[in-house]
J.: 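Just passing along the structure, written as structure tokens.
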Amino acid sequence: MQKNQTMAEVYMTRPVFTPLDIAALVGTALSIILFFVFWFTLWLSLPVIVCFAAFLVSHSDYVSDKEYAHALTHLLQFNTVRESRSEGYEALLRFHEQGYLKKDFKQEYSDFYLSGYDLQKGLVRYGLDGVSRSTVYRLTHLHFTPTHCHYHTCEADMVTGTVTEQKLVVPLDECATITEKVLTVSGHRVTARSLALPHCPPVPVAEQNDELAEILSHFKAS
């Protein structure tokens, strides 16, 4: 890890195996081979221990996909927005943790929750699990009335370790659209999709989201 790098920056920039990691592993493998070739000569166990210890030290700063996801959840659980008891934040947090929120009949067609990494902001990486992540993550709640959309969004910045929120009221007599941009992330072509609402920061959305058509239907047709 370079000096002053955050955990998020390490995750985004560090390869799974650095040249030093590979050298230490090769040294370990060669030492093991020599240990067996020379019939378990005791002193040859020392290079095995030294090389493997060097690998453990070199690889100790590696951040896995799972560790990064846990760090994001921790940031969303402990931040100034939550500490201020901002109205609506607990529901956003539950949506992040559960992946869904149960709706009652009255909420069914008026409340929508969206979440996702903003692949067009910050540093971006294609994880070993096939998920593209960035250092910016957004949670959004849209509540519709007959004339307006109440927009509540919280943005988590993994580099600065902060969560900021924004609340806006958007008239429904304007247009909303879905935008797409093809990006190359860690050698993989991925599509960054966003819900573009009038006068609001774009909302990252998954490629498959059955609620998007219902959300767009509330706004003026383009």
Side-chain angles (χ1 to χ4, degrees), residues 1-29 51-83 89 92-100 113-140 153-166 179-195 201-209:
M1 182 188 299
Q2 295 182 11
K3 188 177 180 180
N4 298 327
Q5 269 194 320
T6 65
M7 183 273 281
E9 290 170 321
V10 172
Y11 171 78
M12 291 295 169
T13 60
R14 189 194 195 280
V16 177
F17 294 105
T18 65
L20 184 56
D21 293 340
I22 296 171
L25 284 176
V26 170
T28 301
C51 290
F52 189 65
F55 168 74
L56 292 179
V57 172
S58 173
H59 200 65
S60 62
D61 64 345
Y62 173 71
V63 179
S64 67
D65 299 330
K66 189 175 182 178
E67 289 171 329
Y68 187 76
H70 284 168
L72 171 62
T73 298
H74 184 271
L75 174 58
L76 292 172
Q77 291 172 336
F78 301 95
N79 57 76
T80 56
V81 175
R82 191 182 190 194
E83 289 171 1
Y89 186 79
L92 286 171
L93 179 59
R94 287 199 306 275
F95 177 73
H96 165 78
E97 295 174 334
Q98 299 175 180
Y100 69 95
Y113 289 84
L114 302 166
S115 65
Y117 292 95
D118 192 337
L119 302 182
Q120 299 187 65
K121 292 183 70 175
L123 301 172
V124 183
R125 177 169 185 163
Y126 189 87
L128 294 178
D129 57 2
V131 176
S132 296
R133 297 178 175 86
S134 80
T135 51
V136 177
Y137 181 84
R138 186 177 293 279
L139 283 165
T140 303
T153 190
C154 289
E155 181 179 281
D157 188 320
M158 292 289 286
V159 174
T160 62
T162 58
V163 174
T164 55
E165 75 171 343
Q166 188 173 14
T179 64
E180 295 186 350
K181 185 176 182 180
V182 177
L183 308 171
T184 300
V185 180
S186 305
H188 298 265
R189 289 174 64 83
V190 300
T191 301
R193 300 182 78 225
S194 298
L195 171 63
V203 181
V205 294
E207 290 191 34
Q208 299 296 328
N209 189 318

J.: Answer yes or no: is there a side-chain heavy-atom contact under 4.5 Å between Leu139 and Leu76?
T.: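 With C-beta onward as the side chain, the pair touches.
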
J.: Working note: Val124 + Leu183, criterion side-chain contact (heavy atoms from CB on, under 4.5 Å); need CA distance, chi angles, decisive distance, verdict.
T.: CA-CA 10 Å; Val124 183; Leu183 308 171; 5.9 Å; no

J.: Quick check against the 3.5 Å criterion: does Ser134 have a side-chain atom that pairs as donor or acceptor with the backbone of Asp118?
T.: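 Indeed, once roles are kept as given, a pair shorter than 3.5 Å links the two residues.
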
J.: For the CD atom of Gln98 and the CG atom of Leu93, what is their distance to the nearest 0.5 Å?
T.: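 Rounded to the nearest 0.5 Å, the CD-CG separation comes to 9.0 Å.
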
J.: Contact between Ser115 and Tyr137 at the side-chain level, heavy atoms closer than 4.5 Å - yes or no?
T.: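 In short, these two side chains touch, coming nearer than 4.5 Å.
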
J.: Quick one: side-chain hydrogen bond (donor to acceptor under 3.5 Å, both in side chains) partners of Tyr68, sequence neighbours excluded?
T.: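 Tyr68 satisfies side-chain hydrogen bond (donor to acceptor under 3.5 Å, both in side chains) with no other residue.
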
J.: For His188, give me all partners under ring pair (Phe, Tyr, Trp, His ring centres under 6.0 Å), at least two apart in sequence or on another chain.
T.: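 Scan of His188 (ring pair (Phe, Tyr, Trp, His ring centres under 6.0 Å), adjacent residues dropped) gives Tyr126.
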
J.: Is any side-chain heavy atom of Asp61 less than 4.5 Å from a side-chain heavy atom of Gln5?
T.: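 Result no, sub-4.5 Å side-chain heavy-atom pair not found.
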
J.: Find out whether Glu83 and Thr80 are in side-chain contact, i.e. whether some heavy atom of one side chain is under 4.5 Å from a heavy atom of the other.
T.: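 In contact.
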
J.: Show your reasoning for whether side-chain contact (heavy atoms from CB on, under 4.5 Å) applies to His96 and Leu72.
T.: CA-CA 10 Å; His96 165 78; Leu72 171 62; 4.0 Å; yes

J.: When rounded to the nearest 0.5 angstrom, what distance separates CE in Met158 from NE2 in His74?
T.: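 One finds 10.5 Å between CE of Met158 and NE2 of His74.
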
J.: Should Arg14 and Val63 count as side-chain neighbours, where that means a heavy-atom distance under 4.5 Å?
T.: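 Contact flag for Arg14/Val63 side chains = no.
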
J.: With sequence neighbours left out, which residue pairs that include part of residues 180-195 fulfil the salt bridge (charged side-chain N to carboxylate O under 4.0 Å, His left out) condition?
T.: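 Applying salt bridge (charged side-chain N to carboxylate O under 4.0 Å, His left out) to every pair that reaches into residues 180-195, excluding sequence neighbours, yields Glu180-Arg193.
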
J.: Taking all non-hydrogen atoms of both residues, which atom of Leu75 and which atom of Asn79 are closest, and how far apart?
T.: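 The answer is O-ND2, 2.8 Å.
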
J.: Name all residues meeting the side-chain hydrogen bond (donor to acceptor under 3.5 Å, both in side chains) criterion together with Thr191; count only those two or more places apart in sequence or in a different chain, and write none if there are none.
T.: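 If we apply the side-chain hydrogen bond (donor to acceptor under 3.5 Å, both in side chains) test to Thr191, skipping adjacent residues, there are no hits.
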
J.: Please report the shortest heavy-atom distance between Thr13 and Leu123, naming the atom on each side.
T.: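 The answer is CG2-CD1, 4.5 Å.
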
J.: Tell me the salt bridge (charged side-chain N to carboxylate O under 4.0 Å, His left out) pairs involving residues 119-139, sequence neighbours left out?
T.: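 As it turns out, the salt bridge (charged side-chain N to carboxylate O under 4.0 Å, His left out) pairs with a partner in residues 119-139, which skip direct neighbours, are Asp65-Arg133, Lys121-Glu155, Asp129-Arg133, Arg138-Glu155.
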
J.: List the atom of Thr6, the atom of Val159, and the distance in Å for their closest heavy-atom pair.
T.: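 Thr6 and Val159 have their closest heavy atoms at CG2-O, 3.5 Å.
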
J.: Among residues at least two apart in sequence or on other chains, which ones pass ring pair (Phe, Tyr, Trp, His ring centres under 6.0 Å) with Tyr89?
T.: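 None.
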
J.: Looking at OG1 of Thr135 and CE of Met12, how far apart are the two atoms once the value is rounded to the nearest 0.5 Å?
T.: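 That separation rounds to 5.5 Å.
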
